[in-house]
2 protein chains.
Amino acid sequence: MTAGTRRLPVGERLPTLEDVARVAGVSRATVSRVINGIRNVDPQLHEMVWNAVGQTGYVPNRLARSLVTRRTGTVALVVSDSESHDDDPFMGRFFADPYFGRVVGGLMSVLRAAGIQLALQIVGTEEQRTRLVGDLRHGQADGVIVLSLPGHDPLPRMLTDAGVPAVMIGRPADPVPINYVDLANDTGASLAADHLVGRGCQLVAMISGPVDVPASNDRITGFRRSMARHGHAWVPLVSGNFTQDSGEQAMRALLAEHPAVDGVFVANDLMALGALLALRDAGRHVPDDVAMVGFDDSSAAVAASPALTTVRHPLEDMAAESARLLMARIEDPTMRISSVIYEPTLVLRQSA
Amino acid sequence: MTAGTRRLPVGERLPTLEDVARVAGVSRATVSRVINGIRNVDPQLHEMVWNAVGQTGYVPNRLARSLVTRRTGTVALVVSDSESHDDDPFMGRFFADPYFGRVVGGLMSVLRAAGIQLALQIVGTEEQRTRLVGDLRHGQADGVIVLSLPGHDPLPRMLTDAGVPAVMIGRPADPVPINYVDLANDTGASLAADHLVGRGCQLVAMISGPVDVPASNDRITGFRRSMARHGHAWVPLVSGNFTQDSGEQAMRALLAEHPAVDGVFVANDLMALGALLALRDAGRHVPDDVAMVGFDDSSAAVAASPALTTVRHPLEDMAAESARLLMARIEDPTMRISSVIYEPTLVLRQSA
DNA sequence: GATGACTTGGAGAGCGCTTTCCGAAGTGTT
DNA sequence: AACACTTCGGAAAGCGCTCTCCAAGTCATC
């Protein structure tokens, strides 16, 4: 980074409040008032100021404004992964996953209307985390939406300690007094269990996500509990990492160990897609030989063949809600901490 | 937005440069120099300053710093859609599409290493566009990556006129002197044509994207030209909007009008997925009855059954390259305008 | 016509930082 | 010992904006 005349051709200087004030023949303060619509300014001056704004082509400098108001009109979306480092290929996968896009879409649907921009941040190392929290305390963003990845992440605690308005999507792994929006993952898993047992499956297995992700864990717990209630005290379980590949491998492993399996609950649709492939390779028909229930109801579910019966995860709505929650929290920092839990539903298609 | 003590409990004030200076017993200027590693400061003072930083827990305020340096360490990703308005459902679809995630992933892989954050902006209306450009001229972001959507978008021109460092992903619809990174879409389409004709298809059709998207247009042009060269002066063409649904409908329309179709080039994988469904419904086997080539080589391509033969679109690499290009341009504003065109390749799988 | 209540606009003090300009030391040469 | 040079650190002027004071003006009231 070298110094020097960087932006804009030399001599070209953007009009400032000062310039507008001069043109309008009033003081800086008055222009500021007019522009921010504060207090009753004489209608005549009011008009003169707007004329001057038009003449000069004035646009307020957000940075300067933020410095004094302590408001930036920005919300940070932080993807925190305590295990990942800078060139971790994991992140590539993460962005390609429909999960990310659905979250961003849901957030933007709310933020856009409020004129708030989303700043994407990835933090992996301890240093990045400290730095992020420092920046946030300085009001670099008005608040933050946290997307927590595998592992016990110290970030949620750091954020609450720093008093930064924050909302998590998916509950924190460790109990932390933080706002969050989550899905009743266990209920969703129960729905899958009930359905598989209900259609007469005898040996039902599960392909789960990584065990250190809370959402993944809840799905396992919910599924096991429900299966137990149906008289299946034990269920074969293989875990993957939410990618299609891992789903395929998990299914192969499952088939090898439990050839009689006739029902499987897969903890997300992407893995289910892979599992479907493995079953086809093995010559098993879905749903006749093996019934399958996925999780998420992502676009992959309809794209699959047979189309996946899956647990609907209203991620867009949840993201939108978390944005609203965050905005409310920013507006009123004394707001008490709350969480919103969404109830999943089962979407019936061909696979089970 | 009410006034008042917003951030942070009353009384808690973040340490400033001033505080550090006091603790270290030097002037603000010296602390600034030490922190930014400028000039040779006496090693002893140097250490004292860092100690003071540690003691106070000082973190520089990025906003204040940016105000004077005119550098923000932020790059804006603007999704510009001259036709969309605030509650356009189109945007939801857009984010859910793997395209978006792949771009973000590619950008972040470069930006993250440089410690630059990505600020997501969606602009639809004229007013938003003007405002964005105004903010950018003020240096709200150091530069911008533009993702252009359907239609002839005035944004690229506005950006170059304003002298804002910008790089487009996908060439602009109208000729504008702007840096861009694109794929040789026409070559990709040729690859598909050659392959379909090469395997002996007699009646080859195309399912295209919206005609007002440059990339989509290039694929049509390239395909037609190549088919013509193979003696097929005319190809049936139905256009969709890049969604799976539209692909399914397009395929149905195609089958109704040209029952003898035995080869089809689909302008993206998502639509190909839909087309595959339509073919299955119609009882046509892929690739035996109808051969299909997709475009993008997105995750959908492997997920499909049969897996799609498709034109590989190295979107992540392209996004990464555009980030590098932008960074170079920011560093050296006099850099001459250049574009990088990537060459697509054909990925052979089962569908053709 | 004096008093008080209210409205309106300006001066100016910051927000937290960088950076130019200078004076004060320190170094070396004649 | 006097000179020119270099190095280093401090004072202070901003970056562009908001917002608290405060003075002046307006109007109604007694």
Side-chain angles (χ1 to χ4, degrees), chain A residues 1-8 13-22 24-49 52-53 56-73 134-135 137-140, chain B residues 1-8 13-22 24-49 52-53 56-73 134-135 137-140:
Chain A
M1 201 204 290
T2 61
T5 344
R6 175 144 290 119
R7 194 165 302 291
L8 260 37
R13 199 179 56 86
L14 257 36
T16 73
L17 213 54
E18 186 82 50
D19 298 323
V20 178
R22 200 177 314 116
V26 298
S27 79
R28 235 170 42 244
T30 305
V31 179
S32 176
R33 279 185 204 112
V34 170
I35 287 185
N36 296 300
I38 289 174
R39 276 247 299 263
N40 10 7
V41 172
D42 186 294
Q44 206 170 335
L45 276 191
H46 194 272
E47 204 193 314
M48 291 180 64
V49 169
V53 167
T56 52
Y58 172 74
V59 178
N61 183 326
R62 287 182 74 163
L63 244 46
R65 181 181 283 184
S66 296
L67 184 59
V68 29
T69 60
R70 264 102 222 292
R71 280 295 207 104
T72 56
D135 285 349
R137 282 169 50 110
H138 273 304
Q140 229 238 87
Chain B
M1 202 206 283
T2 60
T5 346
R6 173 143 292 117
R7 191 166 302 292
L8 260 36
R13 200 178 56 86
L14 257 36
T16 72
L17 212 54
E18 184 83 51
D19 299 323
V20 179
R22 199 176 315 117
V26 297
S27 79
R28 239 171 35 248
T30 305
V31 179
S32 177
R33 278 186 204 111
V34 170
I35 287 185
N36 297 300
I38 290 176
R39 280 243 301 258
N40 8 8
V41 172
D42 186 294
Q44 206 170 336
L45 278 192
H46 195 274
E47 203 192 316
M48 291 180 65
V49 169
V53 168
T56 52
Y58 172 75
V59 178
N61 183 327
R62 287 182 75 160
L63 243 46
R65 179 180 287 186
S66 296
L67 185 59
V68 28
T69 58
R70 263 103 225 289
R71 279 296 206 103
T72 57
D135 284 349
R137 280 168 51 108
H138 273 305
Q140 230 238 91

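Because only heavy atoms are used, hydrogens play no part in the values below, and waters and symmetry mates are left out as well, while side chains stay in. As the structure is a computational prediction, the values presented were derived from the model and not from experiment. Here is the naming used below: chain letters follow the sequence lines, and residue numbers restart at 1 for every chain.
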*Asks:* Send over the distance from Q140(A) CD to dC17(C) C1', rounded to a whole Å.
*Replies:* 14 Å
*Asks:* Can you tell me if the side-chain N/O atoms of T30(A) get under 4.0 Å from OP1 or OP2 in dG10(C)?
*Replies:* yes
*Asks:* Quick check: do L45(B) and R33(B) have side-chain heavy atoms less than 4.5 Å from each other?
*Replies:* no
*Asks:* Report all interatomic pairs (protein N or O, nucleotide N or O of nucleotides 24-27 of chain C) with separations under 3.5 Å.
*Replies:*
none

*Asks:* Would you call H138(B) and L63(A) a side-chain contact if the rule is heavy atoms closer than 4.5 Å?
*Replies:* no
*Asks:* For the side chain of S32(A) and the backbone of R28(A), is there at least one donor-acceptor N/O pair under 3.5 Å apart?
*Replies:* no
*Asks:* Is the shortest side-chain heavy-atom distance between D19(B) and R22(B) below 4.5 Å?
*Replies:* yes
*Asks:* Round to the nearest Å and state the distance from L45(A) atom CG to dT26(D) atom P.
*Replies:* 13 Å
*Asks:* What N/O pairs connect the protein and nucleotides 14-18 of chain D at under 3.5 Å? Give each pair on its own line.
*Replies:*
residue : atom : partner : partner atom : Å
dC15(D) : O3'  : R70(B)  : NH2          : 2.7
dG16(D) : OP1  : R70(B)  : NH2          : 3.0
dC17(D) : OP1  : Y58(A)  : OH           : 2.4
dC17(D) : OP1  : N61(A)  : N            : 3.1
dC17(D) : OP2  : L17(A)  : N            : 2.6
dC17(D) : N4   : R28(A)  : NH2          : 3.3
dT18(D) : OP1  : N36(A)  : ND2          : 3.1
dT18(D) : OP1  : R65(A)  : NE           : 2.8
dT18(D) : OP1  : R65(A)  : NH2          : 3.4
dT18(D) : OP2  : S32(A)  : OG           : 2.7
dT18(D) : O4   : R28(A)  : NH2          : 3.3

*Asks:* Who pairs with A21(A) by side-chain contact (heavy atoms from CB on, under 4.5 Å), at least two apart in sequence or on another chain?
*Replies:* V31(A)
*Asks:* Atom CD of E47(B) and atom P of dG9(D): how far apart are they, to the nearest Å?
*Replies:* 14 Å
*Asks:* Yes or no on side-chain contact (heavy atoms from CB on, under 4.5 Å) for D135(B) and V59(A), after CA distance, side-chain angles and deciding distance?
*Replies:* CA-CA 7 Å; D135(B) 284 349; V59(A) 178; 4.2 Å; yes
*Asks:* Over how many whole Å does the gap from R71(B) atom CZ to dC17(C) atom C1' extend?
*Replies:* 17 Å
*Asks:* Any side-chain heavy atom of V20(A) within less than 4.5 Å of one from I35(A)?
*Replies:* no
*Asks:* Might you point out which heavy atoms bring P15(B) and T56(B) nearest each other, and give the distance in Å?
*Replies:* CG-O, 3.3 Å
*Asks:* NA contact type, L63(A), heavy-atom cut-off 4.0 Å: base, sugar-phosphate, or nothing?
*Replies:* nothing
